[in-house]
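Below is one structure; the comments refer to it alone.
Below, read A as the first sequence line, B as the second, and so on, with proteins coming before strands; counting in each chain starts at 1.
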2 protein chains.
Amino acid sequence: MSESPRPTLADVAARAGVSASTASLAFSGSGPVSDATKQKVHAAAAALGYAGPDPRAQSLRRGRSGIVGVVLEERVRAAFLDPVKIQMLDGITEGIGSLGAGLLLLTDTGEAGGNAVGIESAPVDAVVLVGCSPRLGQSVEVLRRRGIPSVAIEGDAGDGIPKISIDNREATRRGAEYLRDLGHTRVEVVTLPFDAARTRGPITSELEHGSTAETASERLAGAREVFPDVTGRVAGASSIEEGLEAGRALLADPSSRPTAIIAQSDLLAAGVIQAAEELGIAVPAELSVLGFDGIRVDGLQHDLTTLVQPSVAKGRAAGEAVVSLLAGDTPRSVCFTSVLHVGDTTAPPRTG
Amino acid sequence: MSESPRPTLADVAARAGVSASTASLAFSGSGPVSDATKQKVHAAAAALGYAGPDPRAQSLRRGRSGIVGVVLEERVRAAFLDPVKIQMLDGITEGIGSLGAGLLLLTDTGEAGGNAVGIESAPVDAVVLVGCSPRLGQSVEVLRRRGIPSVAIEGDAGDGIPKISIDNREATRRGAEYLRDLGHTRVEVVTLPFDAARTRGPITSELEHGSTAETASERLAGAREVFPDVTGRVAGASSIEEGLEAGRALLADPSSRPTAIIAQSDLLAAGVIQAAEELGIAVPAELSVLGFDGIRVDGLQHDLTTLVQPSVAKGRAAGEAVVSLLAGDTPRSVCFTSVLHVGDTTAPPRTG
DNA sequence: CTGAAAGCGCTTACAG
DNA sequence: CTGAAAGCGCTTACAG
């Protein structure tokens with residue numbers, strides 16, 4: 001019982017007594033083959049234990065691998081801790097559905113050494129760049145040289161690369177207006193990180209100016225359009241834990257306590273609410289909290305007032321743009337609109 | 001400015017005035033090439049905008065694609081909602097690190113129609129099967145025919161396929177013993193789903209016997225070794241929300257209230273704790289709660305007593321088994337041990 | 001240190 | 001409906 005090498009299409013053809021071309025046609029169904037021949041070929045395949053055409057040879061011959069790369073800016077674990085990214089991924093899967101392509105996870109983290117499969121050598125037909133990483137420029141350049149069609153989600157990748165984004169600034173402005181119209185004037189912000197180091201702490205002009213995170217900057221700018229001098233805290237990540245910490249810092253001192261907090265994500269908002277509960281501050285009676293994302297925060301017992309962004313649609317649009325690029329078209333950039341959902345975490349400030 | 005076709009290694013070689021073999025060697029560094037020649041080749045590549053060898057051709061020639069498939073039992077979103085799976089994925093990434101391989105996401109969901117990249121046609125060098133899906137058998141058979149080395153995490157895939165698992169039964173037994181030793185006798189369980197339909201509700205013998213979920217069954221069996229008649233609720237998923245619902249059902253009636261609840265995941269445990277808080281039941285004074293997993297539940301303010309399973313190590317072991325298989329070795333199955341972490345959610349039952 | 005040759009396994013015009 | 005031929009782009013023994 002020696003290990004026989006995997007049979008090839010040529011072996012199958014020989015055993016079936018047909019040519020390789022005919023055997024190929026019998027498998028792909030892309031040409032006219034008589035039923036009798038088809039059966040002979042499949043019988044031969046079954047007898048030899050042939051499991052179908054080798055995808056490596058197919059992709060060389062066809063010039064396509066059937067794989068779409070997703071370039072994450074961080075390591076896999078970090079990316080998947082963010083519910084919004086997961087929804088986007090799901091949307092991408094949906095968007096490229098008609099391609100039947102697989103999703104290859106790639107990260108941004110510099111060179112893939114040696115014979116590693118990185119952005120500069122992955123056998124992908126197209127790529128979706130997720131998030132505006134500082135490395136975006138380099139990634140784009142490599143992909144351009146390789147001639148691999150790309151789409152960017154939330155990040156400006158330059159000419160020829162469709163950008164899928166949302167109205168971060170305007171949406172936040174609308175949320176802020178809603179708070180202002182409720183009567184709030186003492187408002188603070190909890191932002192997403194501004195830099196790759198994920199520096200945590202008070203918002204400083206240094207951090208703001210050095211920002212490499214468009215999303216955080218734009219959302220802050222939107223809040224400033226309504227509350228020009230608004231300030232607050234920078235969280236180290238989008239998580240309940242970070243929101244809790246920032247919330248404690250903002251709410252600790254009763255004399256300087258805001259009546260409303262604008263959080264740049266729902267997870268941060270959930271953390272702020274937890275901080276308020278800890279300190280015996282009633283939400284929304286004594287503190288209004290606004291989120292961003294519109295995810296369902298597992299375990300949160302409030303109906304969060306938030307800006308609902310279409311994460312899945314965003315991913316789907318990116319996927320569809322990939323399909324369109326591969327069809328030779330030039331898809332346009334898309335900017336989605338987020339919708340203010342008024343839940344039970346906002347109310348007029350307590351007067352007195 | 002017409003679109004010129006992508007240059008090939010042959011083009012580069014021609015322009016550099018060397019043979020294709022030499023150009024290849026200059027790129028791969030796997031043969032002796034003079035520095036002068038190397039420079040000529042790289043200069044020619046730069047001039048032509050050659051971005052490096054085509055990975056499709058490389059993988060046909062070398063017989064390897066540099067890609068490892070991860071077969072999830074559910075759609076991408078569902079899989080990534082589970083923190084344990086994400087940690088495992090991270091561990092897999094780590095374990096195959098030395099390969100420099102990319103991770104291709106595949107799902108179990110039947111045939112990939114047409115020219116889709118599915119389990120039966122993905123250009124992967126090896127595969128990690130995650131979770132014990134009812135389809136596991138079919139997937140394994142397809143991979144066996146294709147000659148693709150596979151590793152299974154938490155699922156019995158049969159001969160020749162190394163299995164990476166944890167001591168679900170024994171670990172739960174140890175947790176249950178701890179509760180018994182504290183003095184608990186009125187104990188209930190909140191389990192993970194038993195079937196593909198994720199049926200939610202009271203534990204019935206019908207559900208138990210029809211189980212396709214080894215993990216849920218084994219953990220329940222472990223609890224029964226200490227509390228033979230223990231019963232409880234089946235959750236529809238591993239989430240705080242589901243734990244909350246199950247917790248409410250178990251705690252609603254003061255006359256039949258348990259003094260301890262064994263949850264089959266930390267998320268479920270967090271939900272149970274939330275239900276207790278809602279009902280004004282103090283944890284751990286009036287109710288002890290035991291979890292499983294040892295993840296950090298974002299936002300949970302308790303130090304959960306739980307069985308810490310080495311999720312990352314599990315993934316890493318699977319990744320290492322893949323490396324070993326690709327090296328021609330025959331790695332052994334591994335069963336990891338979970339460790340009881342005593343936090344602040346368990347205490348002796350209130351006497352009186 | 002360099003080159004000529006073969007071939008990885010398949011698909012696709014092109015004839016017949 | 002079927003077959004012979006070329007070739008996708010590369011790498012790897014093998015000579016020299």
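When rounded to the nearest whole Å, the span between CZ of R62(A) and P of dC10(C) equals 11 Å. Atom CD in Q39(B) sits about 14 Å away from atom P in dC1(C), given to the nearest Å. The interatomic distance linking F27(B) (CZ) with dT11(D) (C1') rounds to 14 Å, in whole Å. What separates CG of L9(B) from P of dA5(C) is a distance of 18 Å, to the nearest Å. Rounded to an integer number of Å, the gap from Q58(A) CD to dC10(C) C1' is 7 Å. What separates CG of L25(A) from P of dA13(C) is a distance of 11 Å, to the nearest Å. Computed from coordinates, the D54(A) CG to dC10(D) P distance equals 18 Å when rounded to whole Å. In this structure, CG of L60(B) is placed 12 Å from C1' of dT11(C), rounded to the nearest angstrom.
Residue P32(A) is classed as a base contact, given a heavy-atom separation below 4.0 Å to a base. Residue T37(A) is in sugar-phosphate contact alone, with no base atom involved, counting any heavy-atom pair closer than 4.0 Å across all strands shown. At the heavy-atom level, Y50(A) lies under 4.0 Å from the strands shown only through sugar-phosphate atoms. Contact annotation for S34(A): backbone-only contact, meaning every heavy-atom pair under 4.0 Å involves sugar-phosphate atoms and none involves a base.
Side chain of S21(B), nearest nucleotide from dC10(C), dG3(C), dT11(D): dG3(C). Among the nucleotides dT2(D), dA5(D), dG9(D), the one closest to any side-chain atom of T22(A) is dT2(D). The side chain of T8(A) lies closest to dC10(C) when the candidates are dT2(C), dC10(C), dT11(D).
Residues A57(B) and V18(B) each lie close to DNA chain C; by heavy-atom proximity, the contact nearer the 5' end of the strand is made by V18(B). Of the two residues contacting DNA chain C, namely S28(A) and S19(B), the nearest-nucleotide position lying further toward the 5' end is that of S19(B).
A salt bridge is absent between E320(A) and R332(A): the closest approach of a Lys/Arg side-chain nitrogen to an acidic carboxylate oxygen does not fall below 4.0 angstrom. Looking at E154(B) and K314(B), a side-chain N of the basic residue comes within less than 4.0 Å of a carboxylate O on the acidic one, giving a salt bridge.
Atom CD of residue E94(B) and atom CZ of residue R316(B) lie 4.5 Å apart, to the nearest 0.5 angstrom. Atom CZ in R135(A) sits 11.5 Å away from atom CD in E73(A) (nearest 0.5 Å).
The closest side-chain heavy-atom distance from V140(B) to L143(B) is not below 4.5 Å.
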